[in-house]
Amino acid sequence: MTVRWKKSSRSLSSDCVEVANHLGALRDSKNPEAALEVSPARLRAFVDALKTR
């Protein structure tokens, strides 16, 4: 599987968090060599928690 990274459409600069197309990894756009792998369920829970704030 080819991993494609997506930035938020609200990102106005290159300083942002990117999400992999398979929803199992995050990375900092300033440090793209390192990625944090997470389960899709945990990532969705994290995003849902951010939306409620």
Which pair of heavy atoms, one from V38 and one from L43, lies closest together, and at what distance? CG2-CB, 3.8 Å

In terms of hydrophobic clusters joined by side-chain contacts under 4.5 Å, are V19 and L36 together? yes

Could you tell me the separation between the CZ atom of R27 and the NZ atom of K7, rounded to the nearest 0.5 Å? 8.5 Å

Partners of T52 by side chain to side chain contact (heavy atoms under 4.5 Å, CB included), sequence neighbours excluded? none

Transitively linked via ILVMFWY side-chain contacts under 4.5 Å: V17 with W5? no

